[in-house]
Amino acid sequence: FSTAAKQQAVIPPGILGPPEPLKSLQVGQTLNAFRLVVDDDDDRVDFSIERVANSPHIFLLRNFLTSSECNQIQALAEEGGMKTAETVTKGDTSSRKNCSVAWIPSSGPDGSSLVSGLVASTVNIFLSDVVKSRPSAGVENMQILKYGVGGEFVHHQDGDARVFTVIYYINGVGGTWFPLADRNDGEIPKNKAGVLELVENLEPGKHGIFLKGDSSNSAQEGNNNKHTVLVNKGDAVAFYNYRDEGSAQLDWAALHCGSPTDETKWIANHWYRLNELANY
Ligand SMILES: O=C(O)CCC(=O)C(=O)O
Ligand SMILES: [Fe+2]
């Protein structure tokens, strides 16, 4: 076998994206779901899953977190102390501007299933059986980000073996933009430089998908279009970062940014990994 043939056999098509029934969900269609909360008065949280894009596969989870869970996550981050955010490139503080960071263990926090319960439910719903069965699959700790006014995170691909991302909106302030979502695959360059050049002429609310805070100062203008989705506190956006046609390459359609915010913005990131993707 050539190396290429081996890789095809190792990551077959159709497993780095959503399993059924999400796979067949059409843009604009919604599924109802629930998850169990073991250490809370409410033993069940009902939420809905709406597909907002096909390429990459992007889903909006409405009411995935309760308001009280959002407050707990924010409080845990504040108690632990927050640091100036860097990106995966160590020492890089310019990609994320005016942003501080904290982490909460995905197995905890201690004595609580706040985060581990979210992980269990997410894995069940969003990861394929093949990904779940891989020894190199896992989840990072939950990353909490607080942006001050003017804070932003420039265009990037989460990548780095992060097969699937969940972004939770902790205080209802949104502003996550996927400029290339549902653009014709043939129009998307296959490298970062080309992609960055293309998105320079695109605008949130006019191209791709813009997840915008429902109560944001500018929420009234230009929301009634297929490029804008309003989010509230407790909602989350979930998306797949790799192409699932068998190439196991980064999907540049999943490029996104945190647009400059005009209010304090709290979000949390959860990255689900398939470490072997780093080898492809
Ligand atoms: O700030 C946002 O809305 C997106 C943040 C993000 O994409 C990241 O932290 O990787
Ligand atoms: Fe990101």
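Each ligand, and each atom within it, is numbered from 1 in the order the structure gives.
Taking distances strictly below 2.8 Å, the protein N/O/S atoms close to the Fe ion (ligand 2) are H156 NE2, D158 OD1, H256 NE2.
Within a 6.0 Å sphere centred on NZ of K132, other residues, nucleotides and ligands contribute more than 12 heavy atoms. E20 CD: more than 12 foreign heavy atoms inside a 6.0 Å radius. Heavy-atom contacts from other residues, nucleotides or ligands closer than 6.0 Å to NZ of K83 number 12 or fewer.
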Distance dump, ligand 1 polar atoms to protein, N/O, under 3.5 Å:
unit_1   : atom_1 : unit_2 : atom_2 : d
ligand 1 : 1 (O)  : Y147   : OH     : 2.6
ligand 1 : 1 (O)  : K265   : NZ     : 2.9
ligand 1 : 3 (O)  : T176   : OG1    : 2.6
ligand 1 : 3 (O)  : K265   : NZ     : 2.8
ligand 1 : 7 (O)  : H156   : NE2    : 3.1
ligand 1 : 7 (O)  : H256   : NE2    : 2.9
ligand 1 : 9 (O)  : R96    : NH2    : 2.9
ligand 1 : 9 (O)  : N269   : ND2    : 2.8
ligand 1 : 10 (O) : H156   : NE2    : 3.0
ligand 1 : 10 (O) : D158   : OD1    : 3.2

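Here S55 contributes atom OG and L180 contributes atom CG; the two are 9.0 Å apart, rounded to the nearest 0.5 Å.
Every ring-ring contact (aromatic ring centres under 6.0 Å, His included) that F178 has, sequence neighbours left out, goes to F239, H256. Residues forming a ring-ring contact (aromatic ring centres under 6.0 Å, His included) with H207 (at least two apart in sequence, or on another chain): none.
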Could you give me the CA-CA distance, side-chain angles and deciding distance for T122 and F164, then say whether side chain to side chain contact (heavy atoms under 4.5 Å, CB included) is met? CA-CA 10 Å; T122 303; F164 179 69; 3.6 Å; yes

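A donor-acceptor pair shorter than 3.5 Å can be found between the side chains of N71 and K233.
Classified by interplanar angle (parallel below 30°, tilted 30° to 60°, perpendicular above 60°), the ring pair Y272/H270 is tilted.
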